[in-house]
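Comments concern the structure below.
These numbers come from a predicted model, not from an experiment. Any value given below was found using the heavy atoms of this structure, including those in side chains, with hydrogens, waters and symmetry copies removed. Throughout, a chain's letter reflects where its sequence line sits, starting with A, and its residues are numbered from 1.
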Number of protein chains: 2
Amino acid sequence: MGLSNISAIRKKEIVEAFYNTAIKEGLESTSIAKIAKSLDIQPSLIIHYFKSKEELVTALIDHCLELYLRIFEKAYTHRRNSSDVLYALVQRMFSKDWNDLFDDGVYYSAYALVYREPQVKEKFNKIHKTLRAKFSSLLKECDAFGHINCKEPDQTSNLIFSLLDGTYYFINMLDTDTEQKEHLKQSEELAFKILGLHKNPEN
Amino acid sequence: MGLSNISAIRKKEIVEAFYNTAIKEGLESTSIAKIAKSLDIQPSLIIHYFKSKEELVTALIDHCLELYLRIFEKAYTHRRNSSDVLYALVQRMFSKDWNDLFDDGVYYSAYALVYREPQVKEKFNKIHKTLRAKFSSLLKECDAFGHINCKEPDQTSNLIFSLLDGTYYFINMLDTDTEQKEHLKQSEELAFKILGLHKNPEN
DNA sequence: CAACTTATTGAACGGTTATTCAATAAATTT
DNA sequence: AAATTTATTGAATAACCGTTCAATAAGTTG
């Protein structure tokens, strides 16, 4: 394998240190020096692996979005049939611990870059379209099996995701767990209603 | 009035310069020196009005949120009856030019602070609850007049707003106007459906 | 006009930023 | 074992950061 392996490991190490520091101190105020200190290495070593800060930030965004993607993909659980998958998925997406799987602070700082950096915009675009397309496929399958009635799966997918994103956007401003859960419950109900699914767990 | 007037004007001037520079260069990379330069004054003068950068950022967030609030309040137009107000409002909220009234780049950078700074969280919380409460009142009024059937106006208000916020979150990743408008149209349709309003303009 | 308060300037401060570079240590290849 | 490539260090750079302070200009009040 050679050193290219060590190189890859170090790179990942650095990006993860960046991510963890950014969670605590904020994305924009995390400097190369701070990342280096947290790894007990010299700042110049970071520059050796990432030619510039910009490149490092790009790597962080990729890391963030991959985490984001994986969380969704893990939620597509194995079940007897597609409607059970859909049911469990929606239930999970609108659950409180779903929110805790991910640090939204860093994520939204990255998202803000969408408005200034076309490449970041492209990355976010791609990930979100991927997620929505996958969900749409599931809806299509459920419809084909007659489990739900959904003739416009792309549109429905988009609506569910918009509802989801908007709900998390809001509940993170709320103080209490109770309040957050209440809002999630209302949104989940609407989601089930849109899909024409009854909320009586059968798993 | 005295100089307190000039002081207030200068302060506003500085915050607006901050905002405009942040739109172009990003919130976090807008320094006091840059703001000063854009106003053709000395950095120390800014410190004279705002004791620290932190105080300045707080003022910017207040400015941002006030703009945000005002955009909504302007959309509550005078109409013959409350259902016309509601109809026009929803139509406006989900329109393309609604999105252009506001710079979301700076806004989302500020929003990201919600996750680290309790005071910022509190500010966002307050504004959003205010908006949702006002919309809820309108729903209640419409229901009272029998224009719509809405027995849980608070919940309905929250759902419409979540749908709205989530929709804008997503469409700002999209490249074309056509795409954006299509998504807005779908979300608007769902909003009208939730409210039990028919989409046949009568204004 | 004199006394006083505020507005504004401009220089200076120590600290941090990203980045460069030469030197050395370690690992890999020949 | 020698040669070469890569990893890592540590010092140095210039630019910028927020902030302080004394000096001066301008405006307000007595």
Side-chain angles (χ1 to χ4, degrees), chain A residues 1-22 24-61 63 106 109-110 112-113 116-117 119-120, chain B residues 1-22 24-61 63 106 109-110 112-113 116-117 119-120:
Chain A
M1 301 192 183
L3 277 191
S4 68
N5 199 14
I6 279 194
S7 170
I9 291 174
R10 258 281 190 250
K11 275 190 149 191
K12 199 177 177 184
E13 212 173 59
I14 292 168
V15 170
E16 274 167 5
F18 188 4
Y19 185 59
N20 290 325
T21 310
K24 291 168 208 146
E25 310 201 24
L27 174 58
E28 314 281 351
S29 55
T30 299
S31 64
I32 292 182
K34 283 180 189 168
I35 302 168
K37 200 169 193 177
S38 87
L39 286 171
D40 211 27
I41 59 174
Q42 296 292 329
S44 50
L45 186 56
I46 294 180
I47 290 283
H48 175 249
Y49 287 104
F50 301 90
K51 269 168 271 171
S52 67
K53 177 87 186 281
E54 200 186 337
E55 202 174 291
L56 186 54
V57 170
T58 301
L60 178 76
I61 292 176
H63 177 70
V106 178
S109 289
L113 295 176
R116 264 177 298 130
E117 316 229 359
Q119 291 182 352
V120 177
Chain B
M1 299 186 183
L3 276 190
S4 67
N5 199 14
I6 277 191
S7 170
I9 290 174
R10 258 284 190 247
K11 275 189 146 189
K12 201 176 174 185
E13 212 172 58
I14 291 168
V15 171
E16 275 167 4
F18 189 3
Y19 185 60
N20 290 325
T21 309
K24 290 168 209 149
E25 310 201 22
L27 175 57
E28 316 282 350
S29 55
T30 298
S31 64
I32 293 182
K34 282 179 189 168
I35 304 168
K37 200 169 193 177
S38 85
L39 285 171
D40 210 27
I41 60 174
Q42 296 292 328
S44 51
L45 186 56
I46 294 180
I47 290 283
H48 176 249
Y49 287 104
F50 300 90
K51 270 168 270 174
S52 67
K53 177 87 185 278
E54 200 186 338
E55 202 173 290
L56 186 54
V57 170
T58 301
L60 179 76
I61 292 176
H63 178 70
V106 177
S109 289
L113 295 175
R116 267 177 296 130
E117 317 230 357
Q119 291 182 351
V120 176

To the nearest 0.5 Å, tell me how far [X] [atom1] sits from [Y] [atom2].
{"X": "B:L113", "Y": "B:Q119", "atom1": "CG", "atom2": "CD", "answer": "11.5 Å"}
{"X": "A:I14", "Y": "A:H63", "atom1": "CD1", "atom2": "NE2", "answer": "13.0 Å"}
{"X": "A:K24", "Y": "B:R116", "atom1": "NZ", "atom2": "CZ", "answer": "13.0 Å"}
{"X": "B:I61", "Y": "B:F18", "atom1": "CD1", "atom2": "CZ", "answer": "8.5 Å"}

Is the shortest heavy-atom distance from the side chain of [X] to the side chain of [Y] under 4.5 Å?
{"X": "A:V120", "Y": "A:T58", "result": "no"}
{"X": "B:I32", "Y": "B:F50", "result": "no"}
{"X": "A:R10", "Y": "A:I41", "result": "yes"}
{"X": "A:H48", "Y": "A:L45", "result": "yes"}

Whole angstroms only, please: what is the [atom1]-[atom2] distance between [X] and [N]?
{"X": "A:D40", "N": "D:dT9", "atom1": "CG", "atom2": "C1'", "result": "12 Å"}
{"X": "B:L45", "N": "D:dT19", "atom1": "CG", "atom2": "C1'", "result": "14 Å"}
{"X": "B:E13", "N": "C:dT8", "atom1": "CD", "atom2": "C1'", "result": "13 Å"}
{"X": "B:K11", "N": "C:dT8", "atom1": "NZ", "atom2": "P", "result": "13 Å"}
{"X": "A:I9", "N": "D:dA7", "atom1": "CD1", "atom2": "C1'", "result": "13 Å"}
{"X": "A:I14", "N": "C:dA18", "atom1": "CD1", "atom2": "P", "result": "14 Å"}
{"X": "B:L39", "N": "C:dT9", "atom1": "CG", "atom2": "P", "result": "10 Å"}

Hey, does the side chain of B:R10 come within less than 4.0 Å of C:dT8's phosphate (OP1/OP2), counting only N and O?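 Checking B:R10 against C:dT8: at least one side-chain N or O falls below 4.0 Å of OP1 or OP2.
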
Any side-chain N or O of A:Q42 below 4.0 angstrom from OP1/OP2 of D:dG10?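 Indeed, a polar side-chain atom of A:Q42 lies that close.
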
Nearest-neighbour nucleotide for the A:I41 side chain, D:dA7, C:dA11, D:dT9 considered: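 For A:I41, the side-chain atoms sit closest to D:dT9.
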
Measure from the side-chain heavy atoms of B:S7 and tell me the nearest of C:dT20, C:dA7, C:dT19.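 Closest of the options to the side chain of B:S7: C:dA7.
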
Give me the residues of residues 47-59 of chain A where at least one heavy atom lies under 4.0 Å from an atom of DNA chain D, by number, or none. A:H48, A:Y49

Are more than 12 heavy atoms from other residues, nucleotides or ligands located less than 6.0 Å from atom CD of B:E25? yes

Starting at the 5' end of DNA chain D, write a dot or bracket for each base, bracketing those in Watson-Crick or G-U wobble pairs whose two distances are under 3.5 Å and using | for partners on another strand. ||||||.||||||||||||||||.||||||

Under a 3.5 Å distance rule, please check whether A:K34 uses its side chain to pair with a backbone N or O of A:S29 as donor and acceptor.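 The answer is yes, because a donor-acceptor pair under 3.5 Å joins these two groups.
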
Near-strand residues of residues 25-37 of chain A, defined as heavy-atom separation under 4.0 angstrom from DNA chain C: A:S31, A:I32, A:A33, A:K34

Begin with the C-alpha distance, continue with both residues' side-chain angles, and end with the deciding distance and a verdict on side-chain contact (heavy atoms from CB on, under 4.5 Å) for B:I35 and B:L56. CA-CA 11 Å; B:I35 304 168; B:L56 186 54; 3.8 Å; yes

